[in-house]
Protein chains: 2
Amino acid sequence: MSIRIVIADDHTMLREGLSQALDSIPDIEVIGTAADGRELLEVLESITPDVILVDIEMPKLSGIGALRRLEGAPPAIVVTMHAEDAQRRKAAAAGAAGFLSKSAPLPDLAAAIRAVASGEQLFDKDTTAEILDQHRQPILDEGAAALTARERELLKLLASGVSGTEDIADQLFISQKTVKNHLASIYEKLAITDRAQAVVEAIRLGINR
Amino acid sequence: MSIRIVIADDHTMLREGLSQALDSIPDIEVIGTAADGRELLEVLESITPDVILVDIEMPKLSGIGALRRLEGAPPAIVVTMHAEDAQRRKAAAAGAAGFLSKSAPLPDLAAAIRAVASGEQLFDKDTTAEILDQHRQPILDEGAAALTARERELLKLLASGVSGTEDIADQLFISQKTVKNHLASIYEKLAITDRAQAVVEAIRLGINR
DNA sequence: GGTCGAATGGGTCGTACGGCCTATTGAGAT
DNA sequence: ATCTCAATAGGCCGTACGACCCATTCGACC
């Protein structure tokens, strides 16, 4: 019996390419794909894989955000382009069973899939200890999924170069005070402190355009 | 006779996955891969494909940089995660024959490979017109070229989330005043007014990472 | 019917930010 | 030998920004 998996990634080339490569491995079978977080949730309503492979950076709903809403039903492996510690911790906190960089070799990915399918939790070295810390302080993490629609609109404007309070207010037809309030809320949710960092996060999360 | 291609991308999953997916297409054959720009140059010394597939974002030597050194020997298709206009123009200027987002469907990629292999230049919709504009006005937003090395370092930091004057100063080992001076110079050259816009431009120009 | 969060808005306060001007040093170009 | 410019740094000033308070409205959910 082969391991059935679902792949979620917004880049078609990686999604389809990886899908075909994994399918060619005897004991692995790709039974579904999704181009963003929401699509992943939809797909999982009808089919139930043994393992989920999700990218962090996805439009609409990030991989981390999707994982939080899944409550770890099927075990998930999070893959990302930028293997940063912060992301790894967020992934662990969101209930991911594994974490891999997209630069990892295919055999490693296959091994990770088999390990996770058999119930193992795989995180490099002492990540487990960090997860415990996360549990003790279940505070801030997530972010993108926690943002409201209006907050995302604001980020989108910021990422397109509209940085002044007045300019933003004019384009959204709200008062300058409301703009500052929304920004304050965004800062708190994303654990940042100013507009420049907001732009960085917006683009990293794919909120632009 | 099938079309022989070489794939260059630093993310193993995409490189191997795409390689396998393309290889399964009857008239396409992957004869080599590379994990970065330099490796691509090495590979091309021993083998000569009909088409090259290169990612822009790669360590050591970017896809664009590699293309410049190749002088368009075999035609190349540039693929990227963020389909920004600036990158598309740079790719065209560097001698690329085609440009595609990683979000493009596989059939489109295959079609692009076939077209390029037969000598066509393919750029989505009216990119060709833009290229002509480029020739007419070789300096359009050459603000990027006008930036000094130090200014680019500053932008890189900004784009990575280091936004405070003190934080930037500490990382560059200069005074806070010098940081503000450099920023003022950047604002003038790029015709912007604050750090948030600087982050937008930095990423648009590919100064990040 | 009551609670909660999203979206809207107000006020105050301290400070970091950006505009503007000047100055010194050293490297590279003419 | 002169000149330009990048990189460094200081001062001054006005204001936009971010932190911390709070209030109202409306819809969703229980």
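In what follows, every heavy atom counts, from backbone to side chain, and hydrogens, waters and symmetry copies are set aside. Just so we're clear, the structure is a prediction, and the values are computed from it rather than from any experiment. Note on naming: letters A, B, ... go to the chains in the order of the sequence lines (proteins, then strands), and numbering restarts at 1 for each one.
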Taking only N and O in the side chain of B:Tyr187, is any of them less than 4.0 Å away from OP1 or OP2 of C:dG18? yes
So what does B:Thr178 touch, heavy atoms closer than 4.0 Å: a base, only the sugar-phosphate, or nothing? base
Taking NE2 from B:His182 and P from C:dG19, how many angstroms apart are they, rounded to a whole number? 16 Å
C:dA7 phosphate, OP1 or OP2: any side-chain N/O from A:Thr148 under 4.0 angstrom? yes
Nucleotide C:dT15, atom P - distance to CZ of B:Arg195 in whole Å: 17 Å
For A:Arg150 and D:dG27, what is the distance between atoms CZ and P respectively, to the nearest whole Å? 16 Å
From CD of A:Glu151 across to P of C:dA7 the rounded distance in Å is 6 Å
Within the 4.0 Å heavy-atom criterion, would you say B:Thr193 contacts the bases, only the backbone, or no part of the nucleic acid? sugar-phosphate
Give me the residues of residues 167-175 of chain B where at least one heavy atom lies under 4.0 Å from an atom of DNA chain D, by number, or none. B:Ile174, B:Ser175
Roughly, in whole Å, what's the span from CD1 in B:Ile192 to P in C:dC17? 15 Å
Distance, rounded to the nearest Å, where A:Lys177 contributes NZ and C:dG11 contributes P: 10 Å
Between CG of B:Asp194 and C1' of D:dT15 the distance, given in whole Å, is 13 Å
Can you give me the bend angle of the helix from C:dG1-D:dC30 to C:dA29-D:dT2? Use the axis through the first five pairs and the one through the last five, nearest 10 degrees. 50°
Atom pair distance, as rounded to whole Å: CG in B:Asn181 and P in C:dT24: 15 Å
